[in-house]
Amino acid sequence: MAMLRSGTDGRYRAEAGGDPTTGDPTMPTLAKYVTAASGTYASGVTLTSWTNDPFAFSGNVNAVKYSDAGGSHSIGLYLSAYDASTKGLINWSVTNKGSITGGQYGVECHGPGTLVNSGAVTGFVGGPVYGQYGTGVGFFQAGKLVNSGSIVGYVGVHLETGGLVTNSGHIGGTLSQIGIRLDNAAVATNASGGVIGGLTYGIVARYGFVSVTNAGTIQALGTGGAKANYAAIIGSVNGGAVTNLAAGVITSTGVGVVMGGSAGTVVNAGKITGANYAVRFGAGFPNRLVIDPGAVFNGKAGGGNLLTASVASTLELAPGTAPGTLTGVGSKYAGFADIAVDAGASWVLPVANTIIAGYSVMIAGTLTNQGSMTGSGTTGAGATVQGGGWLSNASSGHITGVKYGVRGIGAAGTLTNFGVIAAAGGAGAAFAAGGTIGVGAGGTISGLTYGVSIAGGAGTVVSGGTVIGTHGTAVSLPAGFGNRVEVYPGAVFTGKVNGGGTASTLELALGAAAGTITGFGTQYLNFGTIALDNAARWSVAGPVAANQTIGFFPGGTGQLTFTNPGSVAGVVTGFSPGETIALAGFIRSATNGTIG
């Protein structure tokens with residue numbers, strides 16, 4: 001059985017022991033009760049008069065208007081769901097379509113009920129009285145508030161022990177200090193068109209994890225005093241999660257979103273503005289800032305942790321309908337040692353942007369680097385391709401590391417390079433689970449131990465640029481896989497090119513000019529097949545062993561010259577009319593697919 005109450009003189013006097021009339025421990029003892037003449041209700045509502053004239057109701061009630069004398073400690077509407085027979089709480093559901101005004105509370109809610117407001121609820125908006133601040137709607141158990149109307153108080157809405165607020169109307173404003181206070185794992189959803197605001201805080205959580213999703217506007221409007229203390233959203237003890245959708249606006253004259261006391265996550269696809277910080281996390285926690293392409297931050301974002309700290313915050317680049325652009329790492333976005341490109345995401349680091357030593361860049365999606373990335377430490381990589389990601393290094397791009405310039409882990413990834421990739425102490429590019437590495441004309445990959453190393457799965461290396469292995473191996477591919485090295489005319493390999501075994505192919509690709517490979521069998525090792533692309537023209541110096549195959553493109557027009565034909569013992573396949581083999585100064589063109 002649920003109850004509505006208000007004091008005749010506009011005041012409650014709370015005493016220990018609860019309500020002696022009903023035995024309800026959630027209700028204060030009342031000095032006086034109103035009579036049935038007080039208040040106006042929608043038609044169809046049954047009011048029952050009990051001893052001392054409390055009102056009882058059950059089911060869904062449309063309370064159009066219920067008000068009292070309006071003192072600063074008064075309560076406009078008191079909702080309880082105490083069942084005297086079971087001594088427990090039951091659900092209630094109340095809809096307000098009119099106006100409810102109180103002092104300490106506009107509406108005070110007890111029990112796991114639902115309040116739906118499309119009207120107006122007002123609590124006292126002045127300073128504290130009897131040690132309390134006026135609240136528009138207060139829940140003392142985990143209830144549910146659905147608001148499409150207006151709720152105002154010194155605190156607009158307070159959920160003390162969890163619960164849910166869904167807003168498409170107005171909560172708080174210039175008369176409120178706090179729009180919503182969420183405690184103990186309470187959740188707020190601000191829908192499109194919804195406005196939540198206060199002079200000091202839009203939403204604040206002092207206790208428990210705060211969870212906020214915003215497609216409307218959340219704001220802190222204060223203009224005087226210490227503006228750094230103003231925040232549109234603050235989770236100050238147990239962190240929280242804030243998701244600002246594409247239409248969402250979070251704005252403050254101080255800080256847009258503040259997280260502290262525990263790890264926090266902020267996801268932004270809309271706009272977050274703070275005169276001091278757009279987003280600020282607390283130190284010592286693995287915080288996470290997720291950015292959608294097109295997201296706007298007016299103000300800095302602080303991850304809370306130094307690059308040298310034992311705990312790292314993450315700047316996460318999310319997927320979108322178009323590629324995103326990352327600028328300002330270390331300035332606009334500071335204190336995020338880990339940068340992660342999500343699977344399915346595509347981002348660009350533009351020219352003149354630098355990611356300095358101390359950051360870890362993990363790429364599960366696609367990143368195009370036009371700027372500079374530097375790795376540090378004995379295991380440092382300039383960038384890591386993870387789980388099938390793709391890194392494209394443009395001609396203006398520079399990627400350097402200590403042990404790796406670029407490394408690949410987790411699954412076969414892809415690297416294309418037209419700029420410079422280098423490692424001072426290890427491999428220029430090293431993939432641990434197979435993958436593809438390409439070096440375009442003008443691009444360079446260099447390393448101390450290897451230029452390029454692929455292990456753990458089939459590897460493909462495509463090069464028209466330069467690959468350097470200072471200690472003697474330019475390319476190292478794994479045994480037991482059908483690897484491929486595709487070489488374009490003009491490619492340079494400083495060091496050996498190890499195909500991994502007889503299942504591997506050395507592919508001679510078509511270029512604008514003829515190409516030459518010297519040292520086949522000495523520099524180019526462990527390839528079972530030499531494949532000539534259609535219309536390609538190449539010269540091969542060195543022996544071709546009996547267990548090796550020379551494969552022409554069937555029906556093509558390729559030309560292959562052996563400068564030392566006496567050392568060629570391999571098998572020719574695919575040789576067809578229109579293709580040419582030149583042997584020691586004389587040329588044999590295919591007329592019927594055989595060499596006579």
Side-chain angles (χ1 to χ4, degrees), residues 2-5 12 14 16 18-19 24-28 72-82 88-94 96 100 102-117 121-125 127-147 151-167 171-172 176-190 196 198 200-212 218 231 233-242 260-262:
M3 309 196 70
L4 302 85
R5 297 189 174 188
Y12 277 111
D19 185 349
D24 183 350
T26 71
M27 299 186 69
S72 61
H73 201 54
S74 62
I75 297 174
L77 180 64
Y78 190 109
L79 300 176
S80 176
Y82 182 73
L89 298 176
I90 59 174
N91 286 319
W92 48 261
S93 179
V94 174
N96 173 52
I100 301 174
Q104 183 179 347
Y105 291 96
V107 179
E108 181 176 345
C109 306
H110 293 265
T114 298
L115 174 62
V116 179
N117 177 54
V121 178
T122 303
F124 184 58
V125 297
V129 290
Y130 297 97
Q132 299 285 334
Y133 289 96
T135 300
V137 174
F139 276 83
F140 288 82
Q141 279 79 35
K144 181 179 181 181
L145 170 65
V146 180
N147 178 58
I151 301 174
V152 178
Y154 187 95
V155 178
V157 173
H158 183 194
L159 271 61
E160 187 171 283
T161 56
L164 173 65
V165 177
T166 300
N167 178 58
I171 297 177
S176 299
Q177 291 296 321
I178 298 172
I180 298 177
R181 177 169 173 174
L182 304 175
D183 290 333
N184 296 302
V187 176
T189 299
N190 193 38
I196 300 170
T200 305
Y201 305 123
I203 296 176
V204 62
R206 295 293 190 188
Y207 310 103
F209 186 89
V210 59
S211 180
V212 177
I218 301 174
I233 301 174
I234 180 170
S236 61
V237 175
N238 294 103
V242 174
S262 188

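Note that the coordinates shown come from a computational prediction; the quantities given were computed from them, not determined experimentally.
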Please check if the side chain of T122 supplies one atom and the backbone of V152 the other of a donor-acceptor pair under 3.5 Å. no

Value rounded to 0.5 Å, distance of CG in L164 from NZ in K144: 6.0 Å

Nearest heavy-atom neighbours spanning C109 and V137: SG-CG1, 4.3 Å

Nearest-0.5 Å distance that lies between atom CG in L159 and atom CD1 in I180: 8.0 Å

Report the C-alpha separation of L145 and I151 in whole Å, then their side-chain angles, then the decisive distance to 0.1 Å, and conclude whether the side chain to side chain contact (heavy atoms under 4.5 Å, CB included) test is met. CA-CA 11 Å; L145 170 65; I151 301 174; 3.9 Å; yes

Please test F139 against L115 for side chain to side chain contact (heavy atoms under 4.5 Å, CB included), starting from the C-alpha separation and ending with a verdict. CA-CA 10 Å; F139 276 83; L115 174 62; 4.0 Å; yes

Any idea which heavy atoms bring G163 and A142 closest together, and the distance? N-CB, 3.9 Å

Please report the closest heavy-atom contact between T161 and F140, naming both atoms and the distance. OG1-O, 3.0 Å

Contact check, side chains of V107 and N117, non-hydrogen atoms, under 4.5 Å: no

Is the shortest heavy-atom distance from the side chain of H158 to the side chain of D183 under 4.5 Å? yes

Nearest-0.5 Å distance that lies between atom CD1 in I196 and atom OG1 in T189: 9.0 Å

When rounded to the nearest 0.5 Å, the distance separating CG of N147 from CG of N190 is 9.5 Å

V165 versus I171: any side-chain heavy-atom pair under 4.5 Å? yes

Would a 4.5 Å heavy-atom cut-off, applied to side chains only, mark I203 and V242 as touching? no

Strictly distance-based, threshold 3.5 Å: is any side-chain N or O of S176 a donor or acceptor partner for the main-chain N or O of G153? yes

